[in-house]
Amino acid sequence: MRFSLLVTFFGIGAVLMAVAVVFMYGTDGSGEPRTPAEHGRRLFRLQGCASCHAIGGGISRGPDLAGLIPRLSARLTDTAYRSHLDSLRVARPDAHAFFAPRYERVLGTQGEERIKVWFAEHLRNPRFDHFTGLMPDYDHLTEEQVDRLTAFILTLK
Ligand code: HEC
């Protein structure tokens with residue numbers, strides 16, 4: 001009797017551990033992310049983004065990324081982005097001239113495509129349109145990793 005109680009106890013323990021592992025790693029139980037956005041969510045943790053960016057509360061050294069897409073869309077409209085760039089041109093003409101081709105790339109697109117292009121530039125060098133920024137470069141990411149992170153951030157509505 002005692003022995004079977006012990007077995008039950010450990011059995012329940014093992015099930016709870018398994019549930020905790022699946023919960024912590026945020027997968028569907030098969031252990032592997034499937035969609036690009038799921039891969040991106042995983043990269044967000046593995047690349048250390050989560051150590052600076054909370055999503056919807058908690059300690060966050062960088063901006064909390066909840067509601068990112070509407071915020072970015074508002075910041076990247078033709079008028080808002082051009083006036084932001086104009087003020088940078090006055091403040092730091094040298095840096096502005098250096099990064100000008102990247103602004104053209106961003107402004108040459110529209111809608112969701114503009115967010116994608118901006119985000120790719122932001123990962124390559126977060127200071128390209130924010131000269132005093134504190135986020136580190138992610139220039140080492142492959143194109144596939146950038147695509148997956150992009151799919152993930154596009155879910156932050
Ligand atoms: C060391 C801390 C740190 C790390 C690590 C970091 N960031 Fe950032 N991030 C920042 C800061 C600070 C800003 C604000 C702009 C700046 O200072 O460059 C920012 C800005 C952003 C923004 C724009 C947010 C907004 O509301 O304007 C996005 C999107 C972003 N980071 C995504 C990422 C992703 C994706 C990663 C991982 C690949 C990452 N960050 C890693 C600190 C960090």
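Whatever order the structure lists ligands and atoms in, that order sets their numbers, starting from 1.
From the protein, the heavy atom lying nearest to atom 15 (C) of ligand 1 is His130 ND1, 3.5 Å. Of the protein's heavy atoms, Trp118 CH2, 3.9 Å lies nearest to atom 23 (C) of ligand 1. When hydrogens are left out, the protein atom nearest atom 5 (C) of ligand 1 is Tyr138 OH, 3.4 Å; that is the closest non-hydrogen contact. Given atom 29 (C) of ligand 1, the protein heavy atom at minimum distance is Leu68 CD2, 3.7 Å.
If you number the atoms of ligand 1 from 1 as listed, the ones under 4.0 Å from a heavy atom of Gly48 come out as 5 (C). For ligand 1 and Gly133, the ligand atoms under 4.0 Å from any heavy atom of the residue are 16 (C), 17 (O), 18 (O). Taking a cut-off of under 4.0 Å to the non-hydrogen atoms of Arg71, the atoms of ligand 1 that pass are 26 (O). For ligand 1, the atoms lying closer than 4.0 Å to a non-hydrogen atom of Pro136 are 1 (C), 3 (C), 4 (C).
Taking NE2 of His84 as the start and OH of Tyr103 as the end, the distance is 7.0 Å to the nearest 0.5 Å. A distance of 7.0 Å separates CZ in Phe44 from CG in Leu156, rounded to the nearest 0.5 Å. Note that OH of Tyr138 and CZ of Phe119 are 10.0 Å apart. Values are rounded to the nearest 0.5 Å.
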Indicate every side-chain donor-acceptor pair of residues 142-150 with a distance under 3.5 Å to a residue at least two apart or in another chain.
residue	atom	partner	partner atom	Å
Thr142	OG1	Gln145	N	3.1
Gln145	OE1	Thr142	N	3.0
Thr150	OG1	Val146	O	2.6

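No part of Leu72 comes within 4.0 Å of ligand 1, judged by heavy-atom distances. If you look at Thr132 next to ligand 1, there are no close heavy atoms at all, none under 4.0 Å. At a 4.0 Å heavy-atom cut-off, ligand 1 does not touch Arg127 at all.
A donor-acceptor distance shorter than 3.5 angstrom exists from the side chain of His53 to the backbone of Pro63, with no hydrogens or angles considered. Within the 3.5 Å criterion, the main-chain N or O of Arg34 finds a donor-acceptor partner in the side chain of Glu38.
Counting all heavy atoms, side chain and backbone alike, Gly56 lies closest to Ala66 at N-CB, 3.4 Å. Residues Ala50 and Arg45 approach most closely at CB-CA, 4.3 Å, considering heavy atoms. Of all heavy-atom pairs between Gly57 and Ala54, the closest is O-CB, 3.2 Å.
Under the 4.0 angstrom criterion for non-hydrogen atoms, Phe152 is not in contact with ligand 1.
Listed by first and then second residue, the salt bridge (Lys or Arg N to Asp or Glu O under 4.0 Å) pairs that reach into residues 64-85 are Asp78-Arg114, sequence neighbours excluded. Sorted by first then second residue, the salt bridge (Lys or Arg N to Asp or Glu O under 4.0 Å) pairs that include residues 129-139, not counting sequence neighbours, are Arg127-Asp137.
The N/O atoms of Arg75, backbone and side chain alike, include one that comes under 3.5 Å of an N/O atom in ligand 1. Polar contact with ligand 1: absent for Ser51 (N/O pair, distance under 3.5 Å).
Using bins of under 30°, 30° to 60° and over 60° for the plane-to-plane angle, the ring pair Phe99/Phe128 lands in the perpendicular bin.
Heavy-atom proximity to atom 18 (O) of ligand 1, evaluated over Leu134, Leu149, Ile153, is greatest for Leu134.
A salt bridge links Glu121 with Arg124: at least one charged nitrogen is closer than 4.0 Å to a carboxylate oxygen.
Protein N/O/S atoms found under 2.8 Å from atom 8 (Fe) of ligand 1: His53 NE2, Met135 SD.
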